[in-house]
Every structure is written in C-alpha cells, then in structure tokens.
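Counting from 1, the numbers follow the sequence of the chain as shown.
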Amino acid sequence: MSTKTFHEATIAIRGGRALDSHASSILFPLYQTGNFVHDEVGVDKGYSYSRVSNPTVDALEKAIAALEGTASAVSFRTGMAAITTLCFTLLRSGDHVILSDVVYGGTIRLFREVLDHLGIQGEFVDTSNPDKVEAAIQSATRLIFIETPGNPTLKITDIQTISRIARRRSILLAVDNTFLTPVLQRPFDLGADISILSTTKYIDGHNATVGGSIATHDEQLSERLRLIRKTLGTIQAPFEAWLTLQGLKTLPMRLRLHCAGALRIAQWLESHPAVKYVFYPGLPSFPQQALAAEQQRGAGGIVAFELKGGAEAARQTLNHLRLCSRAESLGGLETLVTHPSTTTHADLDPSLRQALGISDGLIRISVGLEDPEDLIADFNQAIAAAIAQPGAGEAKQ
Ligand code: PLP
C-alpha cells in the first residue's frame, strides 16, 4: 500500500502492512520459526533461515520504513546491535568518526571498548556547536554520528547545519532519533543520510521488547547492512518484531500525550520553590527552545531537573516516589525516573559529567501516560519528604 497521501496516524496503523496471504488475519502473523522449507533444491519462497530474514521481521521493517519515509528499513535485536552493525558496515581501520559528546553511554562504550582496538577512532565533540564539528573534521573522517536531543540534558544539535557541513566534505551523517522518532523529528528532511532508532523506547512504547532499526534512502547501504547483520547475527527476533509492530500503531497518539504530560510536569517543576532548574525544550527558559521549535515537531517526553538540595535531595526524592518507577530506559507507558550520575552516566569521569551539565543532583523523568496530575502528586510528596530529610534541604545546596 502506498502511504504517500496518508496522515501519520494512518501510516502508523496501516503503512507498509501486507495482508496475511494464508488466512487474511487482520494482524500480520508471527512466524516463530528458525527455518523454512525449500520447495525444491534451489527453490524457496524467499526465506530460508531466521538469522537472515523472517516474514514477521520484514513486516516490522516495512512498517518502520513507511513511518521514516524510506523505501526500506533494517531491524536489529537491540538498538546497540543496530549501531554496532552500522559501524561494522561503514568503518574500516584508520577511519575517524565524530560523535556528539552526549551520545548514549552504550555508543561511547562501543567506540572505547571495541572499535578503538580495531583502529577506528571516535572523537566526542559538542555537536551543538557547528564550529567545533568543522574543526574536528580530518581527512580520515568517514561518519558524523549525532544524537539530538542529547541525554539527559536535552542539548540540541542543529541537524540541517551539520548535514551541510557533512555533505560539503562527503561525510555521512547518522542521527540517533530514539528520543523523538520520525513522528517528532524528520532527520531525512533535514539532510541526514541515516536514521537510527532504539525501538525499545517509543516505537514499541510498552517496555515489552528491546530492538533497533536503521533507515536510509541508500538502498545499497541497506543491502550491505543486511549482509553484515546476517554475518554478525544481529537480526531482530520474530516475537519481538511482532510485539513492536503492535506497539508502533499508537506511536503518534502516544507521543502527543507524552509531550502534553511532559510539558505539564516541566511547568509544575519550574514553579516549585525547591527546584533549581528544569531542562525541557518546550519551556521558554530552555536555552535552545527556538531551535527545538524549528527542528522538532514536539518537545518530547523527557524532562530533567535538579533540586536546590543537590545530590542528597535527588537521592531522597527518587527513594520516596510511590507511583513513578525508579528504572532506566524511557519511552514507555509507565513513568520512569533515573539518577543519571549513578546509572546511565556512572561510567563517565565526574569532571566530564559536570562539563556536560550532568550534575550529581540531576533527575531524569521519562514521562509516561499515567494522568499527569497523579504524577505531579507523586513528585510533590516525594520532594516534600526529601527536603524534610537532614542533608537534603536547601541549606545544603
Ligand atoms: N540510543 C539511545 C538514544 C538510547 O537511549 C539507547 C538505549 O537507552 C540506545 C541507543 C541503545 O538501545 P538498546 O538499549 O535498545 O540497545
């Protein structure tokens, strides 16, 4: 089905979907199988082994491609499997890669613990400053890999400006679009070559699976990604693909609610006397609000804030939450709250954390779809209990 003329909600539910040819079931079937029978020697129905391809995984790829606006997409077992496969597909020993200084910790680890040993150098740069990107380019630079908004401070990189710099030097630009998805940010319209998603987050949206996706308009690159995926064994599993296909259908509707809830909570936090500052791209106080409004179709579902009582107040607030869950990850229906300096960013040198704006008192919220007033009531009681503790009040900031 061509989806060119449809609106986003229709594409999310119908885009790229083929009817099951066997029994016309409304949901595409789950082909939970490792292998497929050949009709005759050398004759099959397009499938032979699920490490290479699987009809349910193909169905997910077509649905994601419809949303991305690309001819195809490639699905992986996790977001990290997607990023790893991309790097093994594009990079050779001696290559240099520029990455946002705020990329996901697993991407940093991939470069430091694996690719560096193979002679591939990753350089972490403040990509929100295009001059720093220009200055970091070397003759060996093969790829610019940006994540925007960055985690957890939501620092924004101007995709269009960086894509112009990359294009002038014939360097590929990849955007990790996990935080916003193609519904809230369109990397290809802004000049990117590759869009990466951890489908674990908003695409699935139900905290039920882990998965990853890569989309590009370059069909040769997609084919090469499939070859390397087959070689590394990083393809998505059929059941995860099937679950993700169901979650994907409500993505545009969920994101509207995530954005509305996050704005409501960000505004409430900003007005709370115990709160030092709030990072949310939808707030007028956010330093890059204008760029966010121009580049994004919504401010997203992630909010970060610091209490005046610093690290101890953050610890106490997290420990006193009753409704929200203390958990890593993001993008699901349940509100998850993390303390980046002791979890997602614990591996980073403390001075680098400070330089990136990740203070020991910073709290990140992945705002779920519970009623925002219930979430606010939970934060209200948790902050009140926290600042009543010795060592967590304002005097100790
Ligand atoms: N990219 C971003 C922005 C992420 O937040 C994550 C995980 O948190 C990943 C990639 C890795 O995805 P996965 O956990 O599915 O491997």
Using atom types as modelled and distance alone, determine if a side-chain donor or acceptor of Thr85 lies under 3.5 Å from a backbone N or O of Ala81.
yes
For Thr56 and Pro29, indicate whether the former's side chain and the latter's backbone hold a donor-acceptor pair under 3.5 Å.
yes
Using modelled atom types and a 3.5 Å cut-off, is there a donor and acceptor pairing between side-chain atoms of Arg109 and backbone atoms of Thr107?
no
Can you tell me how far NE2 of His345 sits from OH of Tyr104, rounded to the nearest 0.5 angstrom?
9.5 Å
Report whether Leu307 and Val278 are members of the same hydrophobic cluster (ILVMFWY, side-chain heavy atoms less than 4.5 Å apart, transitive linking).
yes
Does the side chain of His96 pick up a donor-acceptor pair with the side chain of Glu123 at under 3.5 Å?
yes
Does the pair Glu134/Arg168 count as a salt bridge with the N-to-O cut at 4.0 Å?
yes
Please determine if Arg364 forms a cation-pi arrangement with Phe305, meaning its NZ or CZ atom is less than 6.0 Å from the six-membered ring centre and no more than 45° off the ring axis.
no
For Phe36 and Tyr31, take the angle between the two ring planes, folded into 0 to 90°, and tell me which bin it lands in: parallel under 30, tilted 30 to 60, perpendicular over 60.
tilted
Working to the nearest 0.5 angstrom, can you tell me the gap between Arg112 CZ and Phe124 CZ?
5.5 Å
Any sub-3.5 Å donor-acceptor pair from Asp204's side-chain atoms to Thr209's backbone N or O?
yes
Rounded to the nearest 0.5 angstrom, the CG-OG1 distance for Asp95 and Thr141 is 9.0 Å
Pair up each side-chain donor or acceptor in residues 365-377 with any protein partner under 3.5 Å, not counting sequence neighbours, and list the distances.
unit_1	atom_1	unit_2	atom_2	d
Ser366	OG	Gly331	N	2.9
Glu370	OE1	Thr335	N	3.4
Glu370	OE1	Thr335	OG1	2.6
Glu370	OE2	Thr335	N	2.8
Asp371	OD1	Glu373	N	2.8
Glu373	OE1	Arg264	NH2	3.0
Glu373	OE2	Arg264	NE	2.7

Could you list the donor-acceptor pairs under 3.5 angstrom formed by side chains in residues 169-179, with sequence neighbours left out?
unit_1	atom_1	unit_2	atom_2	d
Asp176	OD1	Thr178	N	3.1
Asp176	OD1	Thr178	OG1	2.6
Asn177	OD1	Gln185	NE2	3.0
Asn177	ND2	Thr181	O	3.3
Asn177	ND2	Gln185	O	3.0
Thr178	OG1	Ser198	N	2.9

Side-chain (Ser163) to main-chain (Leu190) donor-acceptor, under 3.5 angstrom:
yes
Side-chain donor-acceptor distances from residues 60-71 under 3.5 Å, at least two apart:
unit_1	atom_1	unit_2	atom_2	d
Glu61	OE1	Arg226	NH2	3.3
Glu61	OE2	Ser75	N	2.8
Glu61	OE2	Arg229	NH1	2.8
Glu68	OE1	Ser195	OG	3.2
Glu68	OE2	Ser195	OG	2.9
Thr70	OG1	Ser72	O	2.9

What is the minimum heavy-atom distance between Ile159 and Ala192, and which atoms define it?
CG2-CB, 4.5 Å
Quick one: does any side-chain atom of His206 pair with a main-chain N or O of Ala208 as donor and acceptor, under 3.5 Å?
no
